[in-house]
Amino acid sequence: MEGYNARELEPKWQAHWQQNNYYRAVRNPAQKKYYVLEMFPYPSGKLHMGHMRVYSIGDVLARFLRMRGLNVIHPMGWDAFGLPAENAAKKHGADPGEWTASNVAVMKAQLNALGLSYDWAREVTTCSPDYYRWNQWLFLLFYKNGLAYKKKSPVNWCPSCQTVLANEQVVDGGCWRCGSEVSPKELEQWFLKITAYAERLLQDLSQLKGWPEKVKVMQENWIGRSQGTDIVFTVAETGDRLKVFTTRPDTLFGVTYMVLAPEHPLLSKLIAGSSREKEIRDFVQQSRRESEMERTSAETEKIGLFTGAHAVNPINGEKIPILVGNYVLMSYGTGAVMGVPAHDQRDFLFADAYGLPVRVVVNPPAKDLTAAPLEEAYEGTGTLVNSGEFNGMPNTEAQKAITEWLIRHDCGGFRVRYRLRDWLISRQRYWGTPIPIVYCPQCGPVAVPEKDLPVLLPTGIDLAAAKQSPLPESEDFVQARCPQCGGTARRETDTMDTFFCSSWYYLRYADPHHEKAPFSKEEVDYWLPVDQYIGGIEHAVLHLLYSRFFTKFLFDQGLVAIEEPFQRLLAQGMVYKDGAKMSKSLGNVVSPDEIIERYGADTGRLFILFAAPPERDLDWNEQGVEGCYRFLRRVWRLFQQNMDIFASEAKTTATSQETPALCPEAETLQRALHFAIKKVTVDIEERFNFNTAISAIMELVNAVYGYFNTLDGKPERNVPLLRQTLKNIVLLLAPFAPHITAELWHRCGFEGSVHRQPWPVYNPQYLQVEEAEIVIQVNGRVRDRMLLPVDSPREELLTAARRQEKIKPYLQDKEEIKTIVVPGKLVNFVVR
RNA sequence: GCGGGCGUGGCGGAACUGGCAGACGCGCAGGACUUAGGAUCCUGUGGGGCAACCUGUAAGGGUUCAAAUCCCUUCGCCCGCACCA
């Protein structure tokens, strides 16, 4: 008997699929489409288990849905700009483009070795000019709409990557890529005005029914909407207006001091001439050197210094001291906060430390806080006191009333603020999309005209010699003509954040070779939105937020008809080994190559899907892999041992649906078959529980072996039923293990490819059992079981149950209080 | 501190709307076939007990005829946000 040889048959089928453009997706308005997408990889040159997991999940879905009759688009490409290529170039003297291209070739081969069903005709590589010219085009579209702008501001600088980072790319005060601590740096940089979309990005989260709650919450936190009031104070000494933002305007009468951020623009004016000017300047210098992370960490002591200036409270004309404090951030609100120690615990502690006065202005119900010194701030609701004309008003009402008062007196108003900042997209690196702007001494910054796109990244540059980005030093690149006046001008030398590329690649897949536009409306309207997106949770507020922003912008521009790019999102869990993340330093890395070599791709895919549900973390276990390998061999053997039933007459009788007069053993097998079809279908389609789908197929295979065992010594196996069962095993297994099933399908002599067959449909009639096992409980505890016709009425179940020998003693001499009957399932006697 | 999630055998995990806890796989034990097997096939496998039976889903309480599932309290773990004014 021929053994299962994955190493031989897998490459054979892979080649077959590729040569025939097997998974090509073509727009067909008559057919319902389904867009399955996994986050595209950075072409590092090494496929790891995390990749194998996402792509296996996506592939099962794509293959399953094709069999379900949908027009499935399942594309793949490369997020190919970025630092590693540049670093490799420096280290090994390679050209980043060539380095990337050779990595792409390696990884593409690895993906194909997994048997993934991609439409490679749609392959997209972001570092190719065909792609990045549209990055530039989109940038200009943002620019024309006032959504791309340049400003000087303190930005996050990663000293190791030698570039700035967006806020989203700073994790725990460190660079998301390398972990180095970022420090503030004052630079003029390009931003995208994502804050203009803050409200819609927040509101539309509620439309995303197919997204994990967790990701939505993370985005909500990140956007950080906060409703409050802007209040304008006046500086007593200079007459300057000083604006604060507060969520508690009702406590305005309780303000006893004000604190400014060290970066506050008014600060130097306020301290000029003060006796403590030098001390304050030193403090400001020191604070500016520290990162936001350091300044705002819970352990950092709150420091405040009196500036010598005072602010006048608009509502009562009171003069209060203005301090400067390390904990106030220029980047949120107005960079100035009012201090209300009586009603904010943080202010309370601060006031306590600096001997600032505390004034109660909100009394809780039935208690007077003004009677004795406070022990802590009262942050709850209550009635206003010490608040002039607002005394006696419930504080929730006063929030509105006081703000309205401020509006009437032109010194404030309602205001919604967000934590979200504009997206910093400049990078001081070479390997990225050049920002299509030239600086003209006459005209200032000028957009490169569309016809001159793409602005090509110069190639053949010796990166090893360059300090950081070689672009500013490349005269050929920098020198330009001003599109407006024709004079000599200089090109922008910063490149774009690579997250710009990945914010719209899923649109390009719909129409990857379009030369006149990033994509045509026709194709995008048919294929988009992505129906199922799959990827890591690490992009919860990076890529996923940026992409939503892009889509909304493109919607507003009339370029797409959708407002949300990803209908459903699956955040897959991580792959661990021995309880720890796979890493070189721990030496617990298992590579997909290794698994393919030893067991084959089908085994690897099966294990990775079987070991845990997709959203959960997975522990790689060699013995578990072995188990899946064993299962596939068991399937293989089942076919080898029964190949005779598919011979000669197979084609003539295989379609016969009628299988009259089955013996009980055959009936059990038939039921197992239809049950498995049902279970596998539901598990893939509705629940994404591939692990239980696979276990259902295993059970079916076990049932076939079981059938043979019961047959021992009996007349004949039921050939039509077996044929039907085996055929369906191949179909059910096809999305999970595409190679072995293609081979078996072929060997059995069936027409066409297993991957183009319609998905099997179960017959509910065959699921019905005549007799069901009924559980008999007494006081909720199982005491016995009995076999009865499924449709036995209540009364019959009860009498039959009472007649059971094991039940009798429990009912004797007892009072029956109640009986519960769940038809077809259980009987419960409640006795006393 | 706030928000999200989780806690089930020796292990990975099942148990859809409350209705037989532990499907399936791993591991382990026994048997069969075999010169042999780490191949394969069969059987058993939460714990305790010879058994009837008892007990068991992080801990404690509650609702219910019936709870892994619903409610309350506590503990533990993971993730996100965190002087955000």
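All figures in this text were calculated on a predicted structure; none of them were measured in a lab.
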| task | Measure up the A:Tyr332 and A:Phe245 rings against each other and bin them: parallel (under 30°), tilted (30 to 60°), perpendicular (over 60°). | result | perpendicular

| Can you tell me how far C1' in B:C50 sits from the matching atom in B:A32, rounded to whole Å? | 28 Å

| said: Strictly below 4.0 Å: does A:Arg630 bring a side-chain N or O up to OP1 or OP2 of B:G25? | reply: no

| Using a cut-off of 4.0 Å on non-hydrogen atoms, how would the nucleic acid contact of A:Gly224 be classed: base, sugar-phosphate, or nothing? | nothing

| Where the side chain of A:Phe610 is defined as all heavy atoms beyond and including C-beta, which of B:A14, B:G12, B:G4 is the nearest nucleotide? | B:G12

| said: Looking only at the side chain of A:Glu773 (C-beta and beyond, no hydrogens), which of the listed nucleotides B:C83, B:C20, B:C26 gets closest? | reply: B:C20

| Full working for side-chain hydrogen bond (donor to acceptor under 3.5 Å, both in side chains) between A:Thr381 and A:Asn395 | CA-CA 6 Å; A:Thr381 55; A:Asn395 77 310; 4.8 Å; no

| field | Closest-nucleotide ordering on RNA chain B, the 5'-leading residue of A:Arg783 and A:Ser226 | value | A:Arg783

| said: Other residues, nucleotides and ligands only: do more than 12 of their heavy atoms fall within 6.0 Å of CZ on A:Arg794? | reply: yes

| task | On RNA chain B, check which nucleotide each of A:Ile694 and A:Met218 is closest to and give me the residue with the more 5' one. | result | A:Ile694

| field | Salt bridge A:Glu199-A:Arg225, side-chain N to carboxylate O under 4.0 Å | value | yes

| field | Nucleotide nearest A:Glu699 (side chain, heavy atoms from C-beta), chosen from B:A85, B:C24, B:C83 | value | B:C24

| Does B:G1 have a Watson-Crick or wobble mate here (both distances under 3.5 Å), and if so which one? | B:C81

| request: Is it possible for you to check whether A:Arg548 lies under 6.0 Å from the centre of the six-membered ring of A:Tyr546, through NZ or CZ, and within 45° of that ring's axis? | output: no

| request: Could you check how far CD of A:Glu626 sits from P of B:G27, rounded to whole Å? | output: 8 Å

| message | Applying a 4.0 Å non-hydrogen cut-off, can you work out what A:Val328 is touching in the nucleic acid: base, sugar-phosphate, or nothing? | response | base

| query | So what does A:Val830 hit on the nucleic acid, given a heavy-atom distance under 4.0 Å: a base, only sugar-phosphate, or nothing? | reply | sugar-phosphate

| Would you say a side-chain N or O of A:Asn702 is under 4.0 Å from OP1 or OP2 of B:C24? | no

| query | With respect to the side chain of A:Pro613, which nucleotide from B:C65, B:C53, B:A14 is positioned closest? | reply | B:A14

| What class does the angle between the rings of A:Phe736 and A:Phe690 fall in, given that below 30° is parallel, 30 to 60° is tilted and above 60° is perpendicular? | perpendicular

| Separation of atom CG in A:Asp230 from atom C1' in B:A85, rounded to whole Å | 11 Å

| task | Taking atom C1' in both B:G19 and B:A15, compute the distance separating them and give it to the nearest angstrom. | result | 12 Å

| query | Donor-acceptor pair under 3.5 Å: do we get one between A:Lys214's side chain and the base of B:C79? | reply | no

| request: Figure out the CG/P separation between A:Asp617 and B:G13, and round it to whole Å. | output: 9 Å

| request: Can you tell me, in whole Å, how much space there is between the P of B:A21 and that of B:U55? | output: 13 Å

| Is there a Watson-Crick or G-U wobble partner for B:G27 with both distances under 3.5 Å, and which nucleotide is it? | B:U45

| request: Would you mind reading off the distance between A:Arg419 atom CZ and B:G3 atom C1', rounded to a whole angstrom? | output: 13 Å

| Taking C-beta and beyond as the side chain, do A:Arg417 and A:Asp230 meet within less than 4.5 Å on heavy atoms? | yes

| request: Could you state the atom-to-atom distance from OH of A:Tyr418 to P of B:A85 in whole Å? | output: 13 Å

| Over how many whole Å does the gap from A:Phe675 atom CZ to B:C24 atom C1' extend? | 12 Å

| message | By the 4.0 Å heavy-atom rule, please label A:Arg637 as base, sugar-phosphate, or nothing. | response | sugar-phosphate

| message | Rounded to whole Å, how long is the line connecting atom CD of A:Glu220 with atom P of B:G5? | response | 13 Å

| Which nucleotide in the set B:C20, B:C24, B:A14 lies at the smallest distance from any side-chain heavy atom of A:Thr692? | B:A14

| said: Just to be sure I understand the rule, does A:Ile697 reach a base, reach only the sugar-phosphate, or reach nothing, if contact means heavy atoms closer than 4.0 Å? | reply: nothing

| message | With rounding to the closest Å, how many angstrom separate the C1' atoms on B:G37 and B:C11? | response | 26 Å

| message | Using atom P in both nucleotides, what's the gap between B:G3 and B:A68 to the nearest angstrom? | response | 28 Å

| Of the listed nucleotides B:G19, B:A15, B:A85, the one nearest the side chain of A:Thr247 | B:A85

| field | Nearest listed nucleotide, side chain of A:Tyr332, among B:C41, B:G13, B:A85 | value | B:A85

| query | In the structure shown, which nucleotide is the Watson-Crick or G-U wobble counterpart of B:G76, with both distances under 3.5 Å? | reply | B:C6

| message | Once you apply a heavy-atom cut-off of 4.0 Å, does A:Lys825 come out as touching a base, just sugar-phosphate, or nothing? | response | sugar-phosphate

| note | Closest of B:G19, B:G13, B:G12 to the A:Val822 side chain is B:G19

| Quick one: the side chain of A:Asn828 and the base of B:C65, do they pair up donor-acceptor inside 3.5 Å? | yes

| Got a salt bridge between A:Arg419 and A:Glu220, using NZ or NE/NH1/NH2 to carboxylate O under 4.0 Å? | no

| query | Taking OP1 and OP2 of B:G5, is either one under 4.0 Å from a side-chain nitrogen or oxygen of A:Arg616? | reply | no

| field | Residue A:Met698, side-chain atoms from C-beta onward, closest of B:G80, B:C24, B:A66 | value | B:C24

| query | Expressed as a whole number of Å, how far does the C1' atom of B:C53 sit from that of B:A58? | reply | 27 Å

| Would you say B:A14 has OP1 or OP2 under 4.0 Å from some side-chain N or O of A:Arg687? | no

| said: Looking only at the side chain of A:Arg633 (C-beta and beyond, no hydrogens), which of the listed nucleotides B:G80, B:G4, B:A39 gets closest? | reply: B:A39

| field | Near-ring test A:Tyr354/A:Tyr257, centroid separation under 6.0 angstrom | value | no

| request: Would you mind calling B:G37 syn or anti? Take O4'-C1'-N9-C4 for purines or O4'-C1'-N1-C2 for pyrimidines, and syn is within 90° of 0. | output: anti

| Which whole number of Å gives the distance between the C1' atom of B:A67 and that of B:G61? | 14 Å

| note | In Watson-Crick or G-U wobble terms, with both distances under 3.5 Å, the base opposite B:A32 is B:U40

| query | Can you find a side chain N or O atom of A:Asn709 that sits less than 4.0 Å from OP1 or OP2 on B:C42? | reply | yes

| message | Please tell me if A:Arg781 has a side-chain N or O lying less than 4.0 Å from either OP1 or OP2 of B:C53. | response | no

| Atom pair distance, as rounded to whole Å: CE in A:Met574 and C1' in B:C77 | 15 Å

| request: State the pairing partner of B:A14; accept Watson-Crick or G-U wobble contacts with both distances under 3.5 Å, and report none otherwise. | output: none

| Rounding to the closest angstrom, what is the interatomic distance between B:U73 and B:G4 at atom P? | 14 Å

| field | side-chain N/O A:Arg785 vs B:G19 OP1/OP2, d < 4.0 Å | value | no

| said: If the threshold is 4.0 Å, N to carboxylate O, is there a salt bridge linking A:Glu622 and A:Arg598? | reply: yes

| note | Applying the 3.5 Å cut-off to both distances, the Watson-Crick or G-U partner of B:C70 turns out to be B:G62

